[in-house]
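Beneath this line is the structure, given in C-alpha coordinates, with notes to follow.
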Number of protein chains: 2
Amino acid sequence: MTESLNPERLACWRAYIESSQRLFTQLEEDLRADSELSFADYHVLVLLSEAPGQRLRMGELAGRLVFSPSRLTYQISSMQKRGLVAKESCPEDRRGSEAVLTAAGLLTLRDAAPHHLASVRTHLMDDLDDAEVACLTRVFERLGRRLRAARDASSTPADN
Amino acid sequence: MTESLNPERLACWRAYIESSQRLFTQLEEDLRADSELSFADYHVLVLLSEAPGQRLRMGELAGRLVFSPSRLTYQISSMQKRGLVAKESCPEDRRGSEAVLTAAGLLTLRDAAPHHLASVRTHLMDDLDDAEVACLTRVFERLGRRLRAARDASSTPADN
DNA sequence: GAGCCACCGTTGCAATTTGAACGAAAGCGG
DNA sequence: CCGCTTTCGTTCAAATTGCAACGGTGGCTC
(Lines give C-alpha, C1' and ligand atoms only; values in the text may rest on other atoms or scores of the structure.)
Protein backbone atom coordinates (compact mmCIF):
# COMPACT_ATOMS: atom_id res chain seq x y z
CA MET A 1 0.00 0.00 0.00
CA THR A 2 2.97 2.24 0.55
CA GLU A 3 5.38 0.97 -2.04
CA SER A 4 5.19 4.12 -4.05
CA LEU A 5 5.51 6.83 -1.43
CA ASN A 6 7.87 6.61 1.49
CA PRO A 7 6.57 7.24 5.03
CA GLU A 8 7.99 10.75 5.31
CA ARG A 9 6.37 11.81 2.10
CA LEU A 10 3.12 10.12 2.93
CA ALA A 11 3.00 11.97 6.23
CA CYS A 12 3.80 15.19 4.44
CA TRP A 13 1.03 14.62 1.97
CA ARG A 14 -1.50 13.87 4.67
CA ALA A 15 -0.58 16.86 6.77
CA TYR A 16 -0.86 19.07 3.73
CA ILE A 17 -4.27 17.74 2.70
CA GLU A 18 -5.85 17.85 6.11
CA SER A 19 -4.48 21.21 7.15
CA SER A 20 -5.37 22.82 3.86
CA GLN A 21 -8.90 21.53 4.16
CA ARG A 22 -9.14 22.90 7.65
CA LEU A 23 -7.62 26.20 6.68
CA PHE A 24 -9.97 26.78 3.76
CA THR A 25 -12.94 25.88 5.93
CA GLN A 26 -11.81 28.27 8.63
CA LEU A 27 -11.16 31.14 6.25
CA GLU A 28 -14.54 30.68 4.66
CA GLU A 29 -16.16 30.79 8.04
CA ASP A 30 -14.26 33.92 9.09
CA LEU A 31 -15.10 35.63 5.85
CA ARG A 32 -18.79 34.92 6.21
CA ALA A 33 -18.66 36.12 9.80
CA ASP A 34 -17.54 39.65 9.04
CA SER A 35 -18.78 40.20 5.50
CA GLU A 36 -21.48 38.89 3.22
CA LEU A 37 -18.92 37.14 1.07
CA SER A 38 -17.91 33.58 0.42
CA PHE A 39 -14.33 32.68 -0.34
CA ALA A 40 -15.25 32.41 -4.02
CA ASP A 41 -16.97 35.81 -3.99
CA TYR A 42 -13.90 37.36 -2.46
CA HIS A 43 -11.54 35.94 -5.06
CA VAL A 44 -13.74 37.08 -7.89
CA LEU A 45 -13.69 40.58 -6.48
CA VAL A 46 -9.92 40.53 -6.06
CA LEU A 47 -9.28 39.35 -9.59
CA LEU A 48 -11.66 41.88 -11.08
CA SER A 49 -10.28 44.72 -9.00
CA GLU A 50 -6.81 44.04 -10.35
CA ALA A 51 -7.83 43.59 -13.96
CA PRO A 52 -7.49 46.42 -16.48
CA GLY A 53 -10.87 48.12 -16.71
CA GLN A 54 -11.85 46.02 -13.70
CA ARG A 55 -13.35 43.52 -16.08
CA LEU A 56 -12.53 39.99 -17.21
CA ARG A 57 -13.81 37.49 -19.71
CA MET A 58 -15.72 34.60 -18.21
CA GLY A 59 -13.23 32.08 -19.49
CA GLU A 60 -10.26 33.96 -18.11
CA LEU A 61 -11.93 34.21 -14.74
CA ALA A 62 -12.86 30.54 -14.71
CA GLY A 63 -9.29 29.60 -15.57
CA ARG A 64 -7.78 31.63 -12.76
CA LEU A 65 -10.31 30.56 -10.17
CA VAL A 66 -10.05 26.92 -11.25
CA PHE A 67 -13.83 26.85 -11.72
CA SER A 68 -15.81 24.89 -14.28
CA PRO A 69 -17.58 27.10 -16.83
CA SER A 70 -21.01 26.34 -15.47
CA ARG A 71 -19.90 26.99 -11.94
CA LEU A 72 -18.59 30.36 -12.93
CA THR A 73 -21.82 31.22 -14.71
CA TYR A 74 -23.71 30.47 -11.53
CA GLN A 75 -21.21 32.29 -9.33
CA ILE A 76 -21.32 35.46 -11.39
CA SER A 77 -25.07 35.48 -11.73
CA SER A 78 -25.31 35.15 -7.97
CA MET A 79 -22.96 38.09 -7.47
CA GLN A 80 -24.87 40.03 -10.07
CA LYS A 81 -28.08 39.60 -8.10
CA ARG A 82 -26.32 41.05 -5.10
CA GLY A 83 -25.01 43.97 -7.13
CA LEU A 84 -21.33 43.12 -6.74
CA VAL A 85 -20.64 42.70 -10.44
CA ALA A 86 -22.32 43.41 -13.76
CA LYS A 87 -22.21 41.32 -16.88
CA GLU A 88 -21.66 42.81 -20.32
CA SER A 89 -21.39 41.11 -23.65
CA CYS A 90 -17.96 41.26 -25.15
CA PRO A 91 -17.48 43.67 -28.07
CA GLU A 92 -14.68 41.78 -29.86
CA ASP A 93 -16.27 38.37 -29.57
CA ARG A 94 -20.00 38.20 -29.56
CA ARG A 95 -20.01 34.68 -28.19
CA GLY A 96 -18.42 35.83 -24.98
CA SER A 97 -19.31 38.00 -22.05
CA GLU A 98 -17.33 39.72 -19.37
CA ALA A 99 -17.83 40.36 -15.71
CA VAL A 100 -17.32 43.92 -14.55
CA LEU A 101 -16.71 45.08 -11.00
CA THR A 102 -19.35 47.51 -9.77
CA ALA A 103 -18.74 50.40 -7.39
CA ALA A 104 -20.62 48.48 -4.74
CA GLY A 105 -18.46 45.46 -5.40
CA LEU A 106 -15.30 47.48 -4.95
CA LEU A 107 -16.57 48.95 -1.70
CA THR A 108 -17.52 45.53 -0.43
CA LEU A 109 -14.06 44.27 -1.26
CA ARG A 110 -12.29 47.17 0.43
CA ASP A 111 -14.44 46.57 3.44
CA ALA A 112 -13.78 42.84 3.62
CA ALA A 113 -10.12 42.75 2.67
CA PRO A 114 -8.60 43.85 5.98
CA HIS A 115 -10.58 41.28 7.90
CA HIS A 116 -9.79 38.54 5.46
CA LEU A 117 -6.10 39.33 5.28
CA ALA A 118 -5.95 39.46 9.05
CA SER A 119 -7.54 36.05 9.06
CA VAL A 120 -4.95 34.71 6.63
CA ARG A 121 -2.25 36.08 8.85
CA THR A 122 -3.49 34.74 12.14
CA HIS A 123 -4.28 31.30 10.82
CA LEU A 124 -1.25 30.86 8.61
CA MET A 125 1.23 33.55 7.76
CA ASP A 126 2.12 34.88 11.18
CA ASP A 127 3.26 31.45 12.14
CA LEU A 128 5.76 31.11 9.29
CA ASP A 129 9.32 32.38 9.25
CA ASP A 130 10.87 33.88 6.12
CA ALA A 131 12.58 30.67 5.08
CA GLU A 132 9.32 28.79 5.25
CA VAL A 133 7.56 31.43 3.21
CA ALA A 134 10.29 31.20 0.61
CA CYS A 135 10.02 27.43 0.52
CA LEU A 136 6.25 27.42 0.15
CA THR A 137 6.40 30.05 -2.54
CA ARG A 138 8.96 28.11 -4.50
CA VAL A 139 7.11 24.82 -4.19
CA PHE A 140 3.67 26.12 -5.01
CA GLU A 141 4.67 28.38 -7.85
CA ARG A 142 6.47 25.48 -9.44
CA LEU A 143 3.48 23.24 -8.84
CA GLY A 144 1.13 25.79 -10.36
CA ARG A 145 3.25 26.11 -13.47
CA ARG A 146 3.40 22.36 -13.87
CA LEU A 147 -0.31 21.85 -13.43
CA ARG A 148 -1.20 24.64 -15.82
CA ALA A 149 1.16 23.16 -18.35
CA ALA A 150 -0.35 19.70 -17.88
CA ARG A 151 -3.84 21.06 -18.34
CA ASP A 152 -2.88 22.92 -21.52
CA ALA A 153 -1.14 19.83 -22.83
CA SER A 154 -4.12 17.56 -22.23
CA SER A 155 -6.48 19.85 -24.11
CA THR A 156 -4.14 19.57 -27.10
CA PRO A 157 -4.22 15.81 -27.86
CA ALA A 158 -0.58 16.24 -28.83
CA ASP A 159 2.00 15.22 -31.36
CA ASN A 160 2.81 11.63 -30.58
CA MET B 1 -5.27 46.75 0.57
CA THR B 2 -1.90 45.25 1.35
CA GLU B 3 -1.08 46.88 4.65
CA SER B 4 -1.40 43.66 6.54
CA LEU B 5 0.50 41.22 4.37
CA ASN B 6 3.74 42.06 2.64
CA PRO B 7 4.13 41.33 -1.08
CA GLU B 8 6.25 38.20 -0.63
CA ARG B 9 3.72 36.69 1.71
CA LEU B 10 0.81 37.70 -0.43
CA ALA B 11 2.43 36.01 -3.43
CA CYS B 12 3.09 32.95 -1.31
CA TRP B 13 -0.51 32.84 -0.21
CA ARG B 14 -1.84 33.15 -3.71
CA ALA B 15 0.45 30.51 -5.15
CA TYR B 16 -0.55 28.17 -2.37
CA ILE B 17 -4.29 28.71 -2.87
CA GLU B 18 -4.31 28.41 -6.60
CA SER B 19 -1.96 25.47 -6.87
CA SER B 20 -3.74 23.57 -4.15
CA GLN B 21 -7.03 24.11 -5.89
CA ARG B 22 -5.56 22.87 -9.13
CA LEU B 23 -3.91 19.91 -7.49
CA PHE B 24 -7.07 18.74 -5.74
CA THR B 25 -9.03 19.09 -8.94
CA GLN B 26 -6.45 17.11 -10.86
CA LEU B 27 -6.22 14.34 -8.30
CA GLU B 28 -9.97 14.01 -8.20
CA GLU B 29 -10.03 13.71 -11.96
CA ASP B 30 -7.27 11.09 -12.02
CA LEU B 31 -8.97 9.11 -9.30
CA ARG B 32 -12.27 9.06 -11.15
CA ALA B 33 -10.46 8.07 -14.32
CA ASP B 34 -9.05 4.80 -13.01
CA SER B 35 -11.46 3.87 -10.25
CA GLU B 36 -15.03 4.50 -9.30
CA LEU B 37 -13.99 6.64 -6.38
CA SER B 38 -14.08 10.31 -5.54
CA PHE B 39 -11.37 11.90 -3.45
CA ALA B 40 -13.73 11.79 -0.48
CA ASP B 41 -14.56 8.13 -1.03
CA TYR B 42 -10.88 7.30 -1.14
CA HIS B 43 -10.12 9.07 2.12
CA VAL B 44 -12.98 7.39 3.90
CA LEU B 45 -11.64 4.03 2.78
CA VAL B 46 -8.11 4.88 3.90
CA LEU B 47 -9.21 6.01 7.34
CA LEU B 48 -11.41 2.98 7.86
CA SER B 49 -8.74 0.59 6.63
CA GLU B 50 -6.33 1.91 9.22
CA ALA B 51 -8.78 2.00 12.11
CA PRO B 52 -8.89 -0.82 14.67
CA GLY B 53 -11.64 -3.19 13.59
CA GLN B 54 -11.76 -1.21 10.36
CA ARG B 55 -14.57 0.82 11.84
CA LEU B 56 -15.01 4.38 13.04
CA ARG B 57 -17.67 6.46 14.72
CA MET B 58 -19.37 8.95 12.45
CA GLY B 59 -18.19 11.87 14.50
CA GLU B 60 -14.60 10.71 14.49
CA LEU B 61 -14.69 10.27 10.75
CA ALA B 62 -16.28 13.66 10.21
CA GLY B 63 -13.64 15.30 12.35
CA ARG B 64 -10.74 13.76 10.48
CA LEU B 65 -12.19 14.39 7.05
CA VAL B 66 -13.15 17.94 7.99
CA PHE B 67 -16.72 17.19 6.90
CA SER B 68 -19.91 18.60 8.35
CA PRO B 69 -22.06 15.96 10.07
CA SER B 70 -24.71 16.04 7.40
CA ARG B 71 -22.17 15.78 4.67
CA LEU B 72 -20.71 12.71 6.26
CA THR B 73 -24.13 11.12 6.64
CA TYR B 74 -24.69 11.61 2.95
CA GLN B 75 -21.20 10.42 2.02
CA ILE B 76 -21.47 7.22 4.00
CA SER B 77 -24.93 6.41 2.80
CA SER B 78 -23.72 6.85 -0.74
CA MET B 79 -20.81 4.49 -0.13
CA GLN B 80 -23.16 2.08 1.57
CA LYS B 81 -25.33 1.92 -1.53
CA ARG B 82 -22.25 1.00 -3.51
CA GLY B 83 -21.31 -1.67 -0.99
CA LEU B 84 -18.04 -0.06 0.08
CA VAL B 85 -18.99 0.34 3.73
CA ALA B 86 -21.66 -0.84 6.11
CA LYS B 87 -23.25 1.08 8.93
CA GLU B 88 -23.81 -0.39 12.39
CA SER B 89 -25.25 1.17 15.46
CA CYS B 90 -22.75 1.65 18.23
CA PRO B 91 -22.97 -0.76 21.18
CA GLU B 92 -21.59 1.60 23.86
CA ASP B 93 -23.62 4.60 22.85
CA ARG B 94 -26.99 4.02 21.33
CA ARG B 95 -27.11 7.54 19.93
CA GLY B 96 -24.23 6.90 17.63
CA SER B 97 -23.38 4.72 14.71
CA GLU B 98 -20.21 3.56 13.10
CA ALA B 99 -19.07 2.99 9.56
CA VAL B 100 -17.41 -0.34 8.85
CA LEU B 101 -15.22 -1.19 5.92
CA THR B 102 -16.57 -4.08 3.85
CA ALA B 103 -14.48 -6.67 2.04
CA ALA B 104 -15.48 -5.06 -1.24
CA GLY B 105 -14.45 -1.67 0.10
CA LEU B 106 -11.03 -2.97 1.03
CA LEU B 107 -10.56 -4.54 -2.37
CA THR B 108 -11.60 -1.35 -4.07
CA LEU B 109 -9.11 0.58 -1.98
CA ARG B 110 -6.25 -1.83 -2.69
CA ASP B 111 -7.09 -1.55 -6.32
CA ALA B 112 -7.21 2.23 -6.40
CA ALA B 113 -4.34 3.04 -4.08
CA PRO B 114 -1.42 2.43 -6.45
CA HIS B 115 -2.96 4.63 -9.11
CA HIS B 116 -3.79 7.37 -6.68
CA LEU B 117 -0.41 7.34 -5.01
CA ALA B 118 1.27 7.42 -8.39
CA SER B 119 -0.86 10.42 -9.20
CA VAL B 120 0.20 12.16 -5.99
CA ARG B 121 3.79 11.48 -6.87
CA THR B 122 3.72 12.67 -10.44
CA HIS B 123 1.78 15.80 -9.70
CA LEU B 124 3.48 16.77 -6.47
CA MET B 125 5.93 14.62 -4.59
CA ASP B 126 8.38 13.66 -7.30
CA ASP B 127 9.07 17.30 -7.86
CA LEU B 128 10.07 18.02 -4.26
CA ASP B 129 13.48 17.50 -2.73
CA ASP B 130 13.91 16.23 0.81
CA ALA B 131 14.37 19.66 2.30
CA GLU B 132 11.15 20.83 0.76
CA VAL B 133 9.29 17.81 2.03
CA ALA B 134 10.65 18.48 5.49
CA CYS B 135 9.60 22.10 5.30
CA LEU B 136 6.07 21.32 4.14
CA THR B 137 5.66 18.66 6.76
CA ARG B 138 6.77 21.00 9.51
CA VAL B 139 4.56 23.84 8.32
CA PHE B 140 1.42 21.83 7.75
CA GLU B 141 1.64 19.68 10.84
CA ARG B 142 2.01 22.84 12.89
CA LEU B 143 -0.88 24.44 11.04
CA GLY B 144 -3.07 21.40 11.60
CA ARG B 145 -2.36 21.40 15.31
CA ARG B 146 -3.16 25.07 15.57
CA LEU B 147 -6.40 24.81 13.65
CA ARG B 148 -7.58 21.80 15.60
CA ALA B 149 -6.80 23.64 18.80
CA ALA B 150 -8.66 26.72 17.61
CA ARG B 151 -11.67 24.66 16.67
CA ASP B 152 -11.73 22.90 20.05
CA ALA B 153 -11.37 26.21 21.82
CA SER B 154 -14.24 27.82 19.95
CA SER B 155 -16.63 24.97 20.78
CA THR B 156 -15.88 25.54 24.48
CA PRO B 157 -17.17 29.11 24.99
CA ALA B 158 -14.27 29.49 27.43
CA ASP B 159 -13.34 30.82 30.79
CA ASN B 160 -13.38 34.58 30.42
C1' DG C 1 -35.68 8.93 38.98
C1' DA C 2 -37.44 13.35 37.25
C1' DG C 3 -35.78 17.41 35.10
C1' DC C 4 -32.58 19.44 32.19
C1' DC C 5 -28.90 20.22 29.31
C1' DA C 6 -25.39 18.55 26.12
C1' DC C 7 -24.26 15.53 22.38
C1' DC C 8 -24.88 12.20 18.23
C1' DG C 9 -26.46 11.70 13.82
C1' DT C 10 -30.18 12.25 10.67
C1' DT C 11 -33.61 14.84 7.99
C1' DG C 12 -35.72 18.36 5.15
C1' DC C 13 -34.88 21.87 2.28
C1' DA C 14 -32.39 25.46 -0.08
C1' DA C 15 -28.10 26.55 -2.23
C1' DT C 16 -24.32 25.09 -4.78
C1' DT C 17 -21.70 22.20 -8.06
C1' DT C 18 -21.17 18.99 -11.73
C1' DG C 19 -21.62 17.10 -16.37
C1' DA C 20 -23.76 16.61 -20.70
C1' DA C 21 -26.17 18.89 -24.29
C1' DC C 22 -26.96 23.30 -26.68
C1' DG C 23 -27.26 27.67 -29.36
C1' DA C 24 -24.54 31.23 -31.09
C1' DA C 25 -20.25 32.84 -33.08
C1' DA C 26 -15.70 32.58 -34.73
C1' DG C 27 -12.05 30.46 -37.61
C1' DC C 28 -10.64 27.75 -41.42
C1' DG C 29 -10.32 25.38 -45.87
C1' DG C 30 -11.80 25.28 -50.10
C1' DC D 1 -19.33 32.77 -49.76
C1' DC D 2 -20.43 27.79 -48.10
C1' DG D 3 -19.57 23.74 -44.89
C1' DC D 4 -17.02 22.07 -40.88
C1' DT D 5 -14.87 22.15 -36.70
C1' DT D 6 -13.94 24.73 -32.36
C1' DT D 7 -14.72 27.73 -28.83
C1' DC D 8 -17.63 30.51 -25.54
C1' DG D 9 -20.95 30.50 -22.21
C1' DT D 10 -25.36 29.00 -20.80
C1' DT D 11 -28.94 25.75 -19.52
C1' DC D 12 -31.10 21.71 -17.49
C1' DA D 13 -31.20 17.74 -14.61
C1' DA D 14 -28.92 15.22 -11.21
C1' DA D 15 -25.64 14.89 -7.44
C1' DT D 16 -23.61 17.12 -3.60
C1' DT D 17 -23.30 20.30 0.31
C1' DG D 18 -24.63 23.45 4.05
C1' DC D 19 -27.73 24.72 7.65
C1' DA D 20 -31.29 24.62 10.92
C1' DA D 21 -34.47 21.79 13.28
C1' DC D 22 -35.25 17.23 15.29
C1' DG D 23 -35.64 12.62 17.69
C1' DG D 24 -33.17 9.86 20.70
C1' DT D 25 -29.78 9.16 24.31
C1' DG D 26 -26.45 10.01 27.81
C1' DG D 27 -25.06 12.54 32.01
C1' DC D 28 -25.66 15.27 35.78
C1' DT D 29 -28.03 17.42 39.68
C1' DC D 30 -31.06 17.36 43.09
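Lettering follows sequence order; numbering is per chain, from 1.
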Which distance, rounded to the nearest 0.5 Å, do you find between the CG of B:D34 and the CD of B:E29?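 B:D34 atom CG to B:E29 atom CD measures 11.0 Å (nearest 0.5 Å).
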So what is the end-to-end bend of the helix from C:dG1-D:dC30 to C:dG30-D:dC1, with 5 pairs used at each end and the value given to 10 degrees?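 Its terminal axes enclose an angle near 30°.
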Which pairs, with at least one residue in residues 62-73 of chain B and sequence neighbours excluded, count as a side chain to side chain donor-acceptor pair (under 3.5 Å)?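 Residue pairs passing side chain to side chain donor-acceptor pair (under 3.5 Å), neighbours aside: B:E60-B:R64.
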Give the minimum heavy-atom separation between B:L45 and B:G105, together with the two atoms involved.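 Looking at all heavy atoms of both residues, the closest pair is CD1-O, 3.9 Å.
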Work out which heavy atom in A:L106 is nearest to a heavy atom in A:S49; give both atom names and the distance.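 Shortest heavy-atom contact: CD1-CB, 4.3 Å.
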Do any pairs count as a ring-ring contact (aromatic ring centres under 6.0 Å, His included) and have a residue in residues 82-105 of chain B, sequence neighbours left out, and if so which ones?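 Sorted pair list comes back empty.
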Without swapping roles, check the side chain of A:T122 against the backbone of A:S119 for a donor-acceptor pair under 3.5 Å.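 Answer holds: yes.
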Does A:R9 use its side chain to pair, donor to acceptor, with the backbone of B:M125 at less than 3.5 Å?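 Yes, because the side chain of A:R9 sits within donor-acceptor range (under 3.5 Å) of the backbone of B:M125.
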By side chain to side chain contact (heavy atoms under 4.5 Å, CB included), which residues pair with B:E88, not counting sequence neighbours?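 Testing B:E88 for side chain to side chain contact (heavy atoms under 4.5 Å, CB included), a comparison that skips the adjacent residues, returns B:R55, B:V100.
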Would you say the rings of A:F67 and A:F39 are close, in the sense that their centroids are separated by under 6.0 Å?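 No, the ring of A:F39 stays outside the 6.0 Å limit from the ring of A:F67, centre to centre.
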Specify whether A:F140 and A:Y16 have parallel, tilted or perpendicular ring planes, treating 30° as the upper limit for parallel and 60° as the lower limit for perpendicular.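 Ring orientation of A:F140 relative to A:Y16: tilted.
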Verdict with supporting geometry, B:C135 and B:R138, side-chain contact (heavy atoms from CB on, under 4.5 Å): CA-CA 5 Å; B:C135 175; B:R138 185 156 35 85; 4.1 Å; yes
Provide the start and end nucleotides, 5' to 3', of the part of DNA chain C that has atoms under 4.0 Å from heavy atoms of chain B.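 Here the contact window of chain B covers C:dC7 to C:dT11.
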With the threshold set at under 4.0 Å for non-hydrogen atoms, list the residues of residues 91-100 of chain A touching DNA chain D in residue-number order.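 Close to the strand are A:R95, A:G96, A:S97.
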I'd like to know whether B:D111 forms a side chain to side chain donor-acceptor pair (under 3.5 Å) with B:T108, so could you lay out the CA-CA distance, the side-chain angles of the two residues, the decisive distance to 0.1 Å, and finally the verdict. CA-CA 5 Å; B:D111 197 50; B:T108 303; over 6 Å; no
D:dG9 phosphate, OP1 or OP2, under 4.0 Å from A:K87 side-chain N/O: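 Looking at the OP1 and OP2 atoms of D:dG9, neither is under 4.0 Å from any side-chain N or O of A:K87.
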Could you tell me which residues satisfy ring pair (Phe, Tyr, Trp, His ring centres under 6.0 Å) with B:H123, sequence neighbours excluded, listed by chain and number?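 Partners of B:H123 by the ring pair (Phe, Tyr, Trp, His ring centres under 6.0 Å) criterion come out as none, since no residue qualifies.
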For a side chain to side chain donor-acceptor pair (under 3.5 Å) check, start with the C-alpha distance between A:S35 and A:Y42, then their side-chain angles and the critical distance, and finish with the verdict. CA-CA 10 Å; A:S35 76; A:Y42 182 86; over 6 Å; no
Which pairs, protein N/O on one side and nucleotides 16-19 of chain D N/O on the other, fall under 3.5 Å?
unit_1 : atom_1 : unit_2 : atom_2 : d
D:dT16 : OP2    : B:Y74  : OH     : 2.6
D:dT17 : OP1    : B:R71  : NH2    : 2.7
D:dG18 : OP2    : B:S68  : OG     : 3.2
D:dG18 : N7     : B:S70  : OG     : 3.3
D:dC19 : N4     : B:S70  : OG     : 2.6

What nitrogen or oxygen pairs link the protein and nucleotides 2-4 of chain D at under 3.5 Å?
none

Mind checking side chain to side chain donor-acceptor pair (under 3.5 Å) for B:T137 and listing every partner two or more places apart, or none if nothing turns up?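 So B:T137 forms no side chain to side chain donor-acceptor pair (under 3.5 Å) with any residue.
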Among residues at least two apart in sequence or on other chains, which ones pass side chain to side chain donor-acceptor pair (under 3.5 Å) with A:Q80?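 By the side chain to side chain donor-acceptor pair (under 3.5 Å) rule, A:Q80 matches no residue at all.
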Heavy-atom count check: over 12 atoms from other residues, nucleotides or ligands less than 6.0 Å from B:R94 CZ?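 No, the 6.0 Å shell around CZ holds no more than 12 heavy atoms from other groups.
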Tell me, which of residues 51-66 of chain B have any heavy atom that sits under 4.0 Å from an atom in DNA chain C?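 Heavy-atom contacts with DNA chain C come from B:R57, B:M58, B:G59.
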